[in-house]
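Heavy-atom basis, side chains included; hydrogens, waters and symmetry copies ignored. Residue numbers start from 1 in every chain, and the chains themselves are labelled A, B, ... in the order their sequence lines are given, proteins ahead of strands.
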Number of protein chains: 2
Amino acid sequence: MSKVTIKTVAEHAGVSTATVSRALSGTGLVSPELRLAVTKAAEKLGYSGNTVARALRSSRTNAVGMVVPEIANPFMTDLVQEVEQSLHLHGIQLLLCNSRQDPSRERAALTSLIGRRVDGLIICPVDATSSFAGVEAAVQSLPVVQVDQRIEGLNADWVGVDDETAMRLIVEHLSSQGVTSAAFAGSKENDSSSKARLDAFLRHAGALGISVAKDNIFLDRYSVDCGRESMERLIRSGSLPNALVCAADIIAIGALQTCHAQKITVPDDLLITGFDDIEFANLCTPRLTTVRQPLKAIANHAVDILRSVHAEDDHAAVRLALAPTLVIRESSSARTHESAS
Amino acid sequence: MSKVTIKTVAEHAGVSTATVSRALSGTGLVSPELRLAVTKAAEKLGYSGNTVARALRSSRTNAVGMVVPEIANPFMTDLVQEVEQSLHLHGIQLLLCNSRQDPSRERAALTSLIGRRVDGLIICPVDATSSFAGVEAAVQSLPVVQVDQRIEGLNADWVGVDDETAMRLIVEHLSSQGVTSAAFAGSKENDSSSKARLDAFLRHAGALGISVAKDNIFLDRYSVDCGRESMERLIRSGSLPNALVCAADIIAIGALQTCHAQKITVPDDLLITGFDDIEFANLCTPRLTTVRQPLKAIANHAVDILRSVHAEDDHAAVRLALAPTLVIRESSSARTHESAS
DNA sequence: TTGTATGCGTTATCAC
DNA sequence: GTGATAACGCATACAA
């Protein structure tokens, strides 16, 4: 039982609690001999410190909260992992909450984390509109940075991928493969990243003379099922476009699965592209052409912003769109077909 | 800025801080009218409560820590997700740490979480031997339950899958498919689950007359690469066994990929089975035969144990091995080959 | 039923 | 340099 406090240590070392605190925290001046005595006593007693008391007194917890809408998408867990790693480098603990696509749960998570007095908040908002109030409230009491998803009209920092560039890379690549018609599968419209991707997709497709039928734009969720259903509807419609562009790898993987089941050959009958470059994009058959998100950079920047924003009240919100990388694999390119990993 | 405390609320409601505390926490008797006055004042002031202070005073944080060796394996994230959900039902917050397969990081995480005064700890130990000291120390200061991996010789609760039954199901299935020789790919030996799976595999294979060449037992890590390399070595050896049994889906998926690249047809040339039933086991080509872990049950039991063990010092350690489910798909069975999802 | 007063373990502000 | 001592915000034993 860790019933040993600085008071215990102080008694054993023959000094005051103040000196113990100074010696152990490194702050403040302490003579070398006393510092040694304190250190030894602490070691001997197995003193470990009470983070809760420290937090109450100093109002710093060395913890940041993260709220994500979905932990089932590998992209999200990869991002969480990078954030965790980045925080770890600064000795900061991650408190993870899952909002499960539910704005009310999201709000509860924010409240809970703020009550725990985390030093900052990293959030991937569930919904561009219904998340507004909760996140706005959070912004007023501590540093908050949005990742991936963002809420329009909210004065809060955001770090994510450059969807515009990403879609340009994809569309240009498809065009170079001879694609003249394409479909799109993504998340619902009030999902900021899917919306940005769709907009950019349509713009670049138009510029390069790629036709996109209105009925061939499928908006549902970032899920495997969404990909399956989109592909099924495409097949049922009778005529396939040259390509299906997906706003997430898991959507593309669902589409691939339906193609396989329905004997549609990718990329011969149809090209398919994803988004994110999750690990399985490189493991499915055929391997998936996609754009890689700079996850480590996103995580690092998010953490840096959090650490730099010491509640400087109204600094202009930062919007950091980081460059993605096009990763060409077999699902969109005959040239690399069957090439080794 | 949340500078409003129970003192503020007390002044506005014209009562003492004690009454505010009682009214808001629900504990202790408060007259209806005062309760209402307090509630209204709290509402009006936007009082949110300070979890840190509450924790220091009551020495309960309503948070439990979880330390996992790897967040990249979908199996782990699925487990984390279930635990998060189960805790949420009890209003408990999850503090997640990633030990990254490093015993020293694991130990640091434990120390940090204990310092934060979490109410309990859920841990998937990195290593059956080098994790011992750290986990043992943790067990002495708060309730700890191990999940998935376990440390032998440690008097700590554990919840996981019944590896013995799982391997019996797999081997019996393979035997029924006419398999008479098999290989095994798993994690290193001081990984308790892989070890249990290997032992059970060898025992049941022996009982059913399935031969296993010593050179065909590959022990590395729970990773896609491990599967790739195992399969490559199998191919290089010149003669393939009838089946490759993997101790994790991601290993099997790596093996499948190598098969695909090297023009080895599964299940015609070789049957492959996985373990865990991660989502992608049902998305790869061919779809993977595997055993499904009862993740929700594992998570629920782990949380229940944590909540019931109120530091009753030396209760005998619980070992809860929950039943898995065999999931037969195309990678091991011609019968279901090409059947729809 | 309500208020007063104390302490949880630490850090920070004073004096010395 | 070092030591008392006062907060930090809340919960509770005790008194009223």
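- Neither side chain, T5(A) nor Y47(A), offers a donor N or O lying under 3.5 Å from an acceptor on the other.
- Phosphate proximity of dG3(C) to T19(B): present, with a side-chain N or O under 4.0 Å from OP1 or OP2.
- Comparing T27(A) and R22(B) along DNA chain C, the residue whose closest nucleotide (by nearest heavy atom) sits nearer the 5' end is R22(B).
- Phosphate contact (OP1/OP2 of dT2(D), side-chain N/O of S16(A), threshold under 4.0 Å): absent.
- Residue R54(A) has a polar side-chain atom (N or O) positioned under 4.0 Å from OP1 or OP2 of dT11(C).
- Distances from the side chain of I6(B) to the nucleotides dG9(C), dT2(C), dC10(D) place dC10(D) closest.
- Using a 4.0 Å heavy-atom criterion, one finds that V20(B) contacts no nucleic acid atom at all.
- If you measure from atom CZ of R116(A) to atom P of dG9(D), you get 18 Å, rounded to the nearest angstrom.
- When the P atom of dG9(C) is taken as reference, atom CG of N50(B) falls 17 Å away, rounded to whole Å.
- Taking only side-chain nitrogens and oxygens, K3(A) comes nearer than 4.0 Å to OP1 or OP2 of dG9(C).
- The side-chain heavy atoms of P69(A) and Q149(A), taken from C-beta on, include no pair separated by under 4.5 Å.
- Protein atom CZ of R60(A) is 19 Å distant from nucleotide atom C1' of dG9(D), rounded to whole Å.
- Residue S31(B) is classed as a sugar-phosphate contact, given heavy-atom separations below 4.0 Å to backbone atoms only.
- Nearest nucleotide to the side chain of A18(A), out of dG7(C), dT5(D), dT10(C): dT5(D).
- Atoms CG (L24(B)) and P (dA11(D)) sit 8 Å apart, rounded to a whole Å.
- Between V15(B) and K7(A), it is V15(B) whose nearest contact on DNA chain C lies nearer the 5' terminus.
- One finds no side-chain N or O of S58(B) lying less than 4.0 angstrom from the OP1 or OP2 phosphate oxygen of dC10(D).
- A donor-acceptor pair under 3.5 Å is formed between the side chain of T61(B) and the backbone N or O of R117(B).
- Spacing between atom CZ of R117(A) and atom C1' of dG9(D) amounts to 9 Å, rounded to whole angstrom units.
- Within 3.5 Å, a donor on the side chain of R57(A) pairs with an acceptor on the base of dT11(C), or the reverse.
- In the displayed structure, E152(A) atom CD is contacted under 6.0 Å by more than 12 heavy atoms of other residues, nucleotides or ligands.
- In terms of phosphate contacts, T5(B) brings no side-chain nitrogen or oxygen within less than 4.0 Å of OP1 or OP2 of dG9(D).
- Taking atom CG of residue L36(A) and atom P of nucleotide dT2(D), one finds them 13 Å apart after rounding to whole Å.
- By the 4.0 Å N-to-carboxylate-O rule, R221(A) lies close enough to E70(A) to be salt-bridged with it.
- As rounded to whole Å, 14 Å separates atom P of dA12(C) from atom CG of L29(A).
- Of the candidate nucleotides dT12(D), dG9(D), dG3(C), dG9(D) has the atom lying nearest to any side-chain atom of L56(B).
- The CD atom of Q93(B) lies 8.0 Å from the CD atom of E84(B); values are rounded to the nearest 0.5 Å.
- Residue-level contact check: V52(A) touches neither bases nor backbone, having no heavy atom under 4.0 Å from any strand.
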